[in-house]
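Atoms within each ligand, like the ligands themselves, are counted from 1 in listed order. Residue indices begin at 1 and follow the sequence shown.
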Amino acid sequence: MKALEGVKILDFTHVQSGPTCTQLLAWLGADVIKVERPGVGDATRKQLVDVDGADSLYFTMLNHNKRSLTLNSKNETGKAVLERLIKECDVMVENFAPGALQRMGFSWERIQALNPRMIMGSVKGFGPGPYQDCKVYENVAQCAGGSASTTGFPDGPPLVTGAQIADSGTGLHLALGLVAALYQREKSGRGQKILAPMQDCVLNLCRVKLRDQQRLQHGPLTEYSQFADGMDFGDATPRAGNDSGGGQPGRILKCKGWETDANAYTYFITQAAVWENVCDVIGKPEWKEDSEYATPKARLTRLNAIFETIEQWTMTKTKFEVMDICNAVNIPVGPILSMKELAEEPALRDTGTIVEVDHPERGKYLTVGCPIKMSDSPVEVDRSPLLGEHTDEILTAILGYSDEEVAAIKQSGAV
Ligand code: COA
């Protein structure tokens, strides 16, 4: 028994944002039917190809545990099949460009008329407003949602982050909306439509920066490096480098081997409650009693010097030694882990977060499994479907077409 067992999802998603949402729902037990254009499929199948002739990792890593049905939704027979799917499914998810679904002839009003219990989730770049008709990819939304303007160093340009907060982040937001709507439908008997705009979801993830925007009106942001450096803050939340986004100052510091290893660094937080432990660990016990260092407030204007001193110590240790020494005395630190190190981490293999999957075209590859661990809804990660692999079984077993009808549908070029 899985949490979403029995829930049928018409997955009309492509690229990353929508597929992350439906992959998560599949891991929670839903039957996810991915609808793809015949002969073409999700564009990511053939993007960033590393093994000739095989679906790319971009596609496989976003489409596990789904079934693939090819269907031309602009062909009349294809539209009739889609209607049947809409009547049969509980949830429909799409992330086409604004207006694309309507152009196919499937407005929300029509979908609702076909199936009043349908829960329909959409990802768009922007919500209603001046940019509602724009096509949007990850980095566009990172920029429009406030992430880029607040990421990077004060003297450098805005930066995008490697974490796909706009695509995968929005997919996560949408998944929550869909699950909540399923719960609400239990009581109301009605479906509803859900919109997750990427700009809004990025802004939600950047809410501490809107917090700082408002704090700026009451004075400088004392935990930012700019304060210790005596720099002007301007009128918008500035980029904060690697400064901690919370009330406990932190920085990324070099560790042993940094000269040759790009990831020989640690994040180090000077947690106020364990300041005395920090002083002992770094060999500065005299700072414990020194009024210039003893309180968080006194330290604020000395953060650069403090972190330079801590770095003198971290540079004598590997990032893992720093982790062991500091965690033993409750100082929060984090090694900068490379993708190579994460891929090889046994603990992540043990918990099913890094999973090896076998694929008929490409052989074995690694993927990220379900990061949500539920005690009563276990997850097995199954390979992504080949294009149209399940077309016949969906037409017959789910939609109830006879063999003759399936032959006619094929004849029409709809699948
Ligand atoms: N059968 C027939 N036609 C199909 C089809 C199918 N099964 N699946 C898709 N199509 C058609 C669409 O109807 C559309 O046709 P139209 O332009 O005539 O209306 C066409 O394929 C292209 O779809 P579109 O969504 O415009 O793709 P794109 O590659 O041009 O744009 C995005 C890609 C991601 C920029 C765009 O879809 C978008 O902005 N999506 C919303 C935001 C989003 O999710 N972005 C992040 C993606 S990770």
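Put simply, CD on E94 and CE on M120 are 4.5 Å apart, with the number rounded to the nearest 0.5 Å. A distance of 8.0 Å separates CD of Q192 from CH2 of W108, quoted to the nearest 0.5 Å.
At the shortest separation from atom 40 (N) of ligand 1 among protein heavy atoms lies N95 O, 2.9 Å. Shortest contact from atom 14 (C) of ligand 1 to any protein heavy atom: K74 NZ, 4.0 Å. Remark: minimum distance from atom 39 (O) of ligand 1 to any protein heavy atom is reached at V136 N, 3.1 Å. Scanning the protein for heavy atoms near atom 34 (C) of ligand 1, the closest one is Y137 CE2, 3.8 Å. The nearest protein atom to atom 23 (O) of ligand 1, hydrogens excluded, is given as F96 CD2, 4.2 Å; this is a heavy-atom distance. Nearest to atom 13 (O) of ligand 1 among the protein's heavy atoms is M104 CE, 3.1 Å.
Taking only nitrogen or oxygen atoms, main chain and side chain alike, R103 reaches within less than 3.5 Å of ligand 1. Residue G125 has no nitrogen or oxygen atom sitting less than 3.5 Å from a nitrogen or oxygen atom of ligand 1, judged on distance alone.
Across every non-hydrogen atom of K34 and T13, the tightest pair is NZ-O, 3.1 Å. In terms of heavy atoms, F307 sits closest to L253 at O-CD2, 3.9 Å.
Relative to atom 46 (C) of ligand 1, the option among D133, V415, D167 with the closest non-hydrogen atom is D167. Closest to atom 36 (C) of ligand 1 by heavy atom, among A97, G78, P19, C21, is A97. Closest heavy-atom approach to atom 26 (O) of ligand 1 among the candidates R37, E36, K135: K135. By heavy-atom distance, the residue among N72, V123, T170 lying nearest atom 2 (C) of ligand 1 is N72.
Remark: R84 qualifies as a cation-pi partner of Y401 under the 6.0 Å distance and 45° angle criteria applied to the six-membered ring.
Counting heavy atoms closer than 4.0 Å to ligand 1, residue M198 contributes side-chain atoms (C-beta onward) but none from N, CA, C or O.
With hydrogens and angles left out, the side-chain atoms of T70 and E36 include no donor and acceptor closer than 3.5 Å. Using modelled atom types, one finds a donor on one side chain and an acceptor on the other under 3.5 Å when comparing R251 with S225. Using modelled atom types, one finds a donor on one side chain and an acceptor on the other under 3.5 Å when comparing K66 with T22.
Within ligand 1, counting atoms from 1 as listed, the ones closer than 4.0 Å to a heavy atom of Q16 are 48 (S). For ligand 1, the atoms lying closer than 4.0 Å to a non-hydrogen atom of V15 are 47 (C), 48 (S). The L71 neighbourhood of ligand 1 comprises atoms 1 (N), 6 (C), 7 (N), with distances under 4.0 Å to a heavy atom of that residue.
Note on R67 versus E389: no salt bridge recorded, every NZ/NE/NH1/NH2 to OD/OE distance being 4.0 Å or above.
Within the 4.0 Å heavy-atom shell around ligand 1 one finds S17. In this structure, V35 falls outside the shell of residues with a heavy atom less than 4.0 angstrom from ligand 1. For the pair S73 and ligand 1, a heavy-atom separation below 4.0 Å is found. Residue-ligand proximity: H14 is placed with a non-hydrogen atom under 4.0 Å from ligand 1.
Ring planes of H359 and Y365: perpendicular class, angle over 60° (limits at 30 and 60°).
Counting non-hydrogen atoms of neighbouring residues, nucleotides and ligands closer than 6.0 angstrom, the CD atom of Q411 reaches no more than 12 such neighbours. Around atom CZ of R190, no more than 12 heavy atoms belonging to other residues, nucleotides or ligands sit under 6.0 Å away.
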